[in-house]
Amino acid sequence: MKEYNPGIIEKKWQNIWDDHGTFYAENVSAKPKYYLLIEFPYPSGKGLHVGHPRPYTALDIVARKRRLEGYNVLYPIGWDAFGLPTENYAIKNKVHPREVTKENIARFKEQLKSLGFSFDWSREINTTDQEYYKWTQWIFIQLYNMGLAYKKEFPINWCPACKAGLANEEVVNGNCERCGGAVHKKVKNQWMLKITEYADRLIDDLDDLDYIERVKTQQKNWIGRSYGLEADFKIDGTNEALSVYTTRPDTMYGATYMVIAPEHELIEKLKDMISNYDELVSYRDESANKSDLERTEIVKDKTGVRIEGIDAINPITGMKIPVYISDYVLITYGTGAIMAVPAHDTRDYEFAKKFDLPIIEVVSGGNIEEEAYTDNENGILINSELIDGLNVNEAKEKISDYLENKGIGRRTKNFKLRDWVFSRQRYWGEPIPLVNCDSCGWVPLDLKELPLILPDVESYEPTDNGESPLATMTDWVNTTCPKCGGKARRETDTMPQWAGSSWYFLRYIDPHNDQALASEESIDYFMPVDWYNGGMEHTTLHLLYSRFWHKVLFDVGVVKTKEPYLKRTSHGMILGENGEKMSKSRGNVVNPDEIVEEYGADTLRMYEMFIGDFEKSVPWSMNGVKGCRRFLDKVFRLQDILVTGDTFTNDMEILMHKTIKKVSNDFETLKYNTGISTMMELVNAFNKKGSINIKEYETFLILLNPVAPHLTEELWVLAGLPGMLNQTNWPKHEEAKTIDETIDMPVQINGKFRGTVNIGRNASLEEAKAAAFANPELLVNLEGKTIVKEIFVPGKIFNLVVK
RNA sequence: GCCGAAGUGGCGGAAUGGCAGACGCAUACGACUCAAAAUCGUACGGGAAACCGUGGGGGUUCAAGUCCCCCCUUCGGCACCA
């Protein structure tokens with residue numbers, strides 16, 4: 001008998017699929033479409049590791065199954081190729097990032113191709129192509145025209161040693177990833193995108209989506225919507241009022257002092273009344289110089305300064321209360337000021353203890369001598385004249401009404417989500433297509449001027465002053481205003497890596513269109529994405545950003561669906577054999593090339609899916625790989641016991657239908673591991689029987705095909721089955737034929753398993769009882785006992801309660 | 001601290017409230033072989049057994065890995081968001 005040689009078989013079928021364009025999606029089709037999306041890779045210099053193929057294989061299984069079910073499947077691939085690692089590598093090795101990118105992509109592509117994914121390679125995209133980023137720039141202009149892009153002073157991470165601005169991911173524990181030195185803040189005028197304007201929609205529209213629950217909750221928490229009251233506290237002896245935001249207006253009687261952020265405008269406004277202005281300024285400077293790390297490290301120890309010379313008036317009690325500045329209040333959230341209720345807020349409690357401020361209990365139930373009582377959702381109000389005796393929720397409403405009626409309070413909401421800092425002072429990104437004109441201000445380029453090509457530069461190293469490398473290119477920077485024709489300067493910041501990936505799923509639909517990012521008809525046909533799988537690490541940034549851009553494009557009228565992705569799932573990480581995260585420095589990286597070389601791509605694919613629960617992290621195991629290869633060898637040897645037959649044999653019929661049902665279902669529900677084990681059981685059953693007929697064999701090959709496509713296509717041909725496997729149909733089970741006529745019903749005595757009885761599926765209690773009493777082994781347990789209760793669940797269990 | 005997920009053999013992991021450990025790995029023994037590999041077969045949670053076993057402690061139920069309450073541990077996310 002021939003031997004299973006994956007090296008030859010796999011190459012052969014990959015070529016056939018390529019030559020036939022087997023997996024190309026049709027642009028126009030009478031078939032229903034199905035759009036599957038994986039997160040397109042960043043082509044790093046390291047090549048693939050075995051973690052990459054896990055999600056790709058999972059959706060490849062769904063893609064192949066869907067095609068056999070009669071869908072026009074779009075399963076595309078591309079490259080998210082702008083970004084820092086490439087740029088840093090290029091600087092270090094004095095190669096152009098374009099060249100590095102080209103090489104990396106070539107390597108990734110070769111590796112991916114060797115795994116036999118059914119990607120539509122005719123739609124391959126690359127975010128660094130001019131024809132691609134032309135439309136990234138076009139979308140930016142839409143954002144600008146809608147007023148969603150604006151410039152703002154915003155601090156960047158600045159490494160004084162490297163003289164470079166750093167991305168957040170380059171800052172590790174407050175230090176520079178490269179030189180290890182402390183990272184400081186440097187304020188720059190940057191482009192921001194108003195994602196906060198879409199915050200409500202980004203939360204509310206989640207309700208109708210089929211996203212795994214942890215993704216929804218993480219996004220909701222990240223956006224962080226809260227409802228509360230903005231209330232005005234008068235500053236004594238002035239017409240000024242200090243507005244605070246609170247989610248607990250019910251506790252206002254307990255507000256014994258106020259705190260404002262060090263940067264709050266009130267200090268400048270009331271400068272003349274303040275007797276310790278200099279002290280406040282030096283505190284402000286001090287906290288500005290603190291790194292993020294320092295600021296959070298000092299959590300335990302609250303600092304602050306009282307603003308001398310002013311007092312605020314609690315609007316509900318009329319009492320004069322002091323005002324402090326402290327960096328535990330953030331200028332970026334709410335109004336940058338709070339009313340402090342130390343009895344019921346841990347932070348305020350700590351501050352009050354330290355500065356010896358009064359603590360007034362207003363919700364009963366805690367022990368405020370010991371600590372703040374915060375877990376008080378169901379508490380009753382005390383020491384609060386207007387609302388004494390009410391519960392927290394009633395009190396909130398009453399106080400809110402009261403202050404709104406007096407015109408010194410407004411119900412409002414707040415978000416933790418901040419606007420998106422969209423500028424990078426880097427070379428390897430999309431140029432921002434705007435010019436600054438002395439008379440017209442910021443002016444976007446015309447569509448016909450796009451793409452604004454990233455110029456070739458001698459040196460793309462960051463500059464000493466934190467400006468983008470593009471800023472030194474005066475020829476490129478100096479231009480004319482598209483509006484008035486006067487002198488103008490180009491924006492020299494580039495876009496972040498998140499830009500290209502925020503809309504790539506739309507370009508796949510119509511990747512060569514030079515009139516639009518994709519044609520209207522094709523968008524209408526293919527959108528939305530039916531199933532998007534990706535890593536949990538992208539939940540709060542990429543996934544949210546792309547939902548935001550899609551909603552903007554919806555508002556512009558480019559897309560017709562308010563959400564880009566109907567369904568979102570997430571895979572677990574693959575760890576090294578030692579159970580640690582795979583990394584070069586830990587020396588536990590497994591390269592898929594080695595596995596393909598030694599065992600074949602089908603074995604790798606199968607093991608990637610069989611390794612464990614798809615949603616959980618799991619350590620790699622070379623022995624596990626061997627086990628999967630062993631199974632495929634077994635499958636190959638089924639040829640030896642192949643017999644004729646055009647229907648399932650009687651003794652295998654039920655098992656066949658059960659298997660079809662289980663595998664079909666498991667492939668839809670991320671349970672690839674149990675789907676595969678079901679097929680293993682089937683093969684074991686045929687081997688035990690000693691034969692498999694051609695009909696059973698054919699069906700089995702189709703079921704296994706999504707997991708091991710090369711082998712099954714080959715066996716299909718070797719068995720003389722008609723055409724190619726990829727042209728056939730996915731089998732369907734008959735529900736009636738998945739049910740056994742007789743079952744081994746477990747018999748329990750006092751809830752303990754004592755044996756089984758083989759009875760009819762629909763047998764009655766009497767039949768079960770008769771069978772049980774005919775079994776001497778069971779009778780032993782009944783000796784000298786009386787039966788007090790018989791529990792019989794048809795088809796399930798027979799339990800005798802005895803005394 | 002807050003939010004989320006999870007704790008089951010030597011390992012990865014299965015189990016609509018109804019026989020815990022499917023399937024695979026590792027291991028041991030046997031067959032084949034001059035021998036080895038491959039392959040095939042048998043065993044494989046603990047215990048001599050009665051029994052005991054799904055992180056720990058309570059509870060609901062005829063019956064709990066699964067449901068409820070409390071606690072411990074691990075992982076992921078957020079982190080002074082008022």
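All chains are named by letter (A, B, ...) in the order of the sequence lines, taking the proteins before the strands, and each is independently numbered beginning at 1.
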Closest approach to the side chain of [X], judged atom by atom: which nucleotide of [options] is it?
X: A/N799; options: B/rC78, B/rG18, B/rC52; result: B/rG18
X: A/I791; options: B/rC19, B/rA14, B/rC62; result: B/rC62
X: A/D327; options: B/rA15, B/rC19, B/rC80; result: B/rC80
X: A/R637; options: B/rC62, B/rC40, B/rA82; result: B/rC40
X: A/V618; options: B/rA14, B/rC19, B/rG12; result: B/rG12
X: A/V793; options: B/rG18, B/rC78, B/rA82; result: B/rG18

Using atom [atom1] of each nucleotide, how far apart are [N] and [M] to the nearest Å?
N: B/rC80; M: B/rG17; atom1: P; result: 41 Å
N: B/rU8; M: B/rA82; atom1: C1'; result: 43 Å
N: B/rG77; M: B/rG24; atom1: P; result: 35 Å
N: B/rA38; M: B/rG53; atom1: P; result: 40 Å
N: B/rG13; M: B/rG7; atom1: P; result: 10 Å

Between [N] atom [atom2] and [X] atom [atom1], what is the distance in whole Å?
X: A/E371; N: B/rG1; atom1: CD; atom2: P; answer: 12 Å
X: A/K416; N: B/rG77; atom1: NZ; atom2: P; answer: 16 Å
X: A/L575; N: B/rG76; atom1: CG; atom2: C1'; answer: 12 Å
X: A/D744; N: B/rC19; atom1: CG; atom2: C1'; answer: 10 Å
X: A/E3; N: B/rU39; atom1: CD; atom2: P; answer: 12 Å
X: A/Q748; N: B/rU61; atom1: CD; atom2: P; answer: 17 Å

Just to be sure I understand the rule, does [X] reach a base, reach only the sugar-phosphate, or reach nothing, if contact means heavy atoms closer than 4.0 Å?
X: A/K752; answer: sugar-phosphate
X: A/T539; answer: nothing
X: A/K789; answer: sugar-phosphate
X: A/I338; answer: base
X: A/K671; answer: sugar-phosphate
X: A/R418; answer: base
X: A/T346; answer: nothing

A/Y328 side chain N/O closer than 4.0 Å to the phosphate oxygens (OP1, OP2) of B/rA82?
->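 No, because none of the side-chain N or O atoms of A/Y328 sits under 4.0 Å from OP1 or OP2 of B/rA82.
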Phosphate OP1/OP2 of B/rA82: any A/N414 side-chain N/O under 4.0 Å |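 For A/N414, the contact criterion (side-chain N or O under 4.0 Å from OP1 or OP2 of B/rA82) is not met.
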Decide, for B/rG45, between syn and anti: a glycosidic angle within 90° of 0 counts as syn, anything else as anti.
->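 Anti, which is what one calls it when the glycosidic angle falls more than 90° from 0.
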Which atom names give the shortest non-hydrogen contact between [X] and [Y], and what distance separates them?
X: A/S570; Y: A/G535; answer: OG-C, 3.4 Å
X: A/N750; Y: A/V802; answer: OD1-N, 2.9 Å
X: A/A58; Y: A/Y672; answer: O-OH, 3.5 Å
X: A/A261; Y: A/I325; answer: O-CG2, 4.4 Å

Using a 3.5 Å limit on both pairing distances, list the dot-bracket string of RNA chain B from the 5' end; Watson-Crick and G-U wobble pairs count, crossing pairs take [ ], interstrand pairs take |.
-> (((((((..(((.....[....))).(((((.......))))).((....))..(((((..]....))))))))))))....
Of A/V801 and A/G334, whose closest RNA chain B nucleotide lies nearer the 5' terminus?
->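 Nearest nucleotide further toward 5': that of A/V801.
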Listed pairs, N/O of protein and of nucleotides 23-30 of chain B, under 3.5 Å:
| from | atom 1 | to | atom 2 | distance (Å) |
| --- | --- | --- | --- | --- |
| B/rG24 | OP1 | A/N684 | ND2 | 3.2 |
| B/rC25 | OP1 | A/R630 | NH1 | 2.9 |
| B/rA26 | OP2 | A/R630 | NH1 | 3.4 |

Could you list the protein-to-nucleotides 45-47 of chain B atom pairs, N/O on both sides, closer than 3.5 Å?
none

Under 3.5 Å, is there an N or O donor on one side and an acceptor on the other linking the side chain of A/K302 and the base of B/rC80?
->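 A donor-acceptor contact between them is present.
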